A.B. asks: 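This is the structure I have questions about; it appears just below.
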Amino acid sequence: MALSFEILEKDIAGRIGRLSDGKKTVKTPALLPVINPHLPIITPREMQDMGVQALITNAYIISRSTEFRERALAEGLHAMLDFDGVIMTDSGSFQLSVYGEVEISNQQTIEFQQAIGSDIIVPLDIPTHPDTGREQVEEELAITLSRLKEANGFANHANHTLAGPVQGGLFEDLREFAGREISEMGLKFCPLGAVVPLMETYRYKDLVRVVMAAKRGLKPGICVHLFGAGHPSMFALAVAMGCDLFDSAAYALYAKAGRYMTTHGSYHLHELSYLPCACQVCSTHTAESLQKSPDKERLLALHNLHVTLAEINRIRQAIKDGVLWELVDERCRGHPQLLRGYRELLTFGEELKQQDRVSKRRFFYRGTESCLRTEVLRYHDMVERFEVGKRALVTFDQKVHSGYDAVFFFKPPFGPYPPELSETFPIGQSEIPDWDNEMVKSGCIGIERLAKANPDTKIIVRCRSIWKNIIESNAPSVEVDLEDL
Ligand code: GUN
Ligand code: ZN
């Protein structure tokens, strides 16, 4: 059966969802570990016991393998791998991007993936390298889209799901166009392609621009897969943009290179004196005993997969609680390039605001970046709807004053609020440290929005003199009344 995707909860543009064909279900966000059928360092059965509901393997490698080709055709992929969850197969396009050519046609790979009983099949898209010039990107995108149309047309897809990879290099208009074309074809599952070179070189700012562009073109109900994303430090950022699935061999590749993953970066095992994790492997080893173990690679892979899966669960919980921004903020401080990506994402506040939910469990101020969060932008929109009368006061001192048609208290980074909203989100649920200039500036944007929406009202802001300059620069339409003079 083809998979259907249902969105259950949202935060920013991220979602908790359910991908299901009626029998098999994948909770999203999810990680699909890459399985190398030749030597699975962790078996699919073990993975299923760790909570893995879907995995990905390479149909091209299987089709070229004397050992596995006939078995896969005779037994089917699920029996061969001993995994009864969802299996996605990749077409060989990744080999194409690495080796320059593959000996398989679009039709052949689609037919083979169908024949071995894959649940999610991928056509032979062209993963154009991000640094390719526009003309070639356009040509290759046209080929990818025509192969997708071909795949969509010639086969019966009732028993599986056809994935529609979104390509377009670094050209945001092409990514958006590709997203729209693929949506029009009626595809419900879209991987974002050719982003591995961006992630390998920490180009998270470019990654954010490309993903946001593709998402703009894709219909919101489409399940979005980020091809080749496997480091847990970037999952929160990707989920915040609306990516639902990741696939990666990183847990195994890092283990092979002796690298130990954490949510804020990786270590070479020999750099560690202590193991900052309590998984089965880490609680039964020291850094030294792990380093010396003959089973080191497999044990590292188990730890890496554990960390990766735990992060996915943490993200699911953050979405449920509406605290995904705080997790993104935390994770993106693990590397300056991730911080760049996070700051880039904040420039898309106006777009993200439309998708974000109205109420959340809490808002923790975590530094100046928090001033640009969707909750603040949404609040500034809401300010325009407050009743103000002819003369209104915004007071920084939290005391009720008489002689005005309306009195507002002030909570940065949001801005003015009527006392009756003091218990509602975000005013009542926000925790802020001592006021700093940036948050007061953001709050003043709220005051200015109130003033601009009510041009016939006289608005007076009562505050201590230290805030005078910030108010005058950011809320020029109001009068300042100093309370400490
Ligand atoms: N694996 C990583 N990136 C890609 C991509 O762009 N296309 C396909 N088919 N597989 C990938
Ligand atoms: Zn561990």
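Start at 1 and go down the list; that is how both ligands and their atoms are numbered. Nothing fancy with the numbering, it's 1 onward along the sequence. This one's a predicted model, so the numbers in the text were calculated from it and none came from an experiment.
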A.B. asks: Are His160 and Asp21 linked by a side-chain donor-acceptor pair shorter than 3.5 Å?
C.D. replies: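 Not at all, the side chains of His160 and Asp21 share no donor-acceptor pair under 3.5 Å.
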A.B. asks: As an exercise, identify every atom of ligand 1 less than 4.0 angstrom from a heavy atom of Pro127.
C.D. replies: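 Selected atoms, number and element: 5 (C), 6 (O), 7 (N).
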A.B. asks: Give me the residue, atom name and distance of the protein heavy atom closest to atom 7 (N) of ligand 1.
C.D. replies: Asp125 OD2, 2.8 Å
A.B. asks: In ligand 1, which numbered atoms sit nearer than 4.0 Å to a non-hydrogen atom of Ser93?
C.D. replies: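 With Ser93 as reference, the close atoms of ligand 1 come out as 8 (C), 9 (N).
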A.B. asks: Do any of the N/O/S atoms of His303, backbone or side chain, fall under 2.8 Å from the Zn ion (ligand 2)?
C.D. replies: yes
A.B. asks: Any chance the side chains of Thr109 and Gln113 put a donor and an acceptor closer than 3.5 Å?
C.D. replies: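 Distance-only check passes for Thr109 and Gln113.
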A.B. asks: Would Glu176 and Arg180 pass as an ion pair if we require N to O under 4.0 Å?
C.D. replies: yes
A.B. asks: Could you work out, for atom 10 (N) of ligand 1, the closest of Thr89, Asp90, Leu226 by heavy-atom distance?
C.D. replies: Asp90
A.B. asks: For atom 1 (N) of ligand 1, what is the nearest protein heavy atom, given as residue, atom name and distance?
C.D. replies: Phe94 CD1, 3.5 Å
A.B. asks: For Pro165 and ligand 1, answer yes if some heavy atom of the residue is under 4.0 Å from a ligand atom, otherwise no.
C.D. replies: no
A.B. asks: Would Tyr254 and His231 count as a close aromatic pair, with their ring centres under 6.0 Å?
C.D. replies: yes
A.B. asks: Counting from 1, what ligand 1 atoms have a heavy atom of Val122 closer than 4.0 Å?
C.D. replies: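 It comes down to these atoms of ligand 1: 9 (N).
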A.B. asks: Assess whether a salt bridge exists between Glu351 and Arg216, defined as any Lys/Arg side-chain N lying under 4.0 Å from an Asp/Glu carboxylate O.
C.D. replies: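 Looking at Glu351 and Arg216, the cut-off is met.
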A.B. asks: Taking the six-membered ring for Trp, are His38 and Phe68 ring centroids under 6.0 Å apart?
C.D. replies: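 Between Phe68 and His38, which both carry aromatic rings, the centre distance is below 6.0 Å.
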A.B. asks: How open is the angle at the Zn ion (ligand 2) from atom SG of Cys282 over to atom SG of Cys279, rounded to 10 degrees?
C.D. replies: 110°
A.B. asks: Classify the ring geometry of Tyr260 against His303: parallel below 30°, tilted from 30° to 60°, perpendicular beyond 60°.
C.D. replies: parallel
A.B. asks: Whether Arg366 and Glu326 form a salt bridge (side-chain N of Lys/Arg under 4.0 Å from carboxylate O of Asp/Glu) is what I want to check.
C.D. replies: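 Between Arg366 and Glu326 there is no salt bridge, as every charged N stays at least 4.0 Å from the carboxylate O atoms.
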A.B. asks: Counting non-hydrogen protein atoms only, what is the nearest one to atom 6 (O) of ligand 1? Give residue, atom name and distance.
C.D. replies: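 Ranked first by proximity to atom 6 (O) of ligand 1 is Ala194 N, 2.8 Å.
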A.B. asks: Could an N or O of ligand 1 be found under 3.5 Å from any N or O of Phe227, whether backbone or side chain?
C.D. replies: no
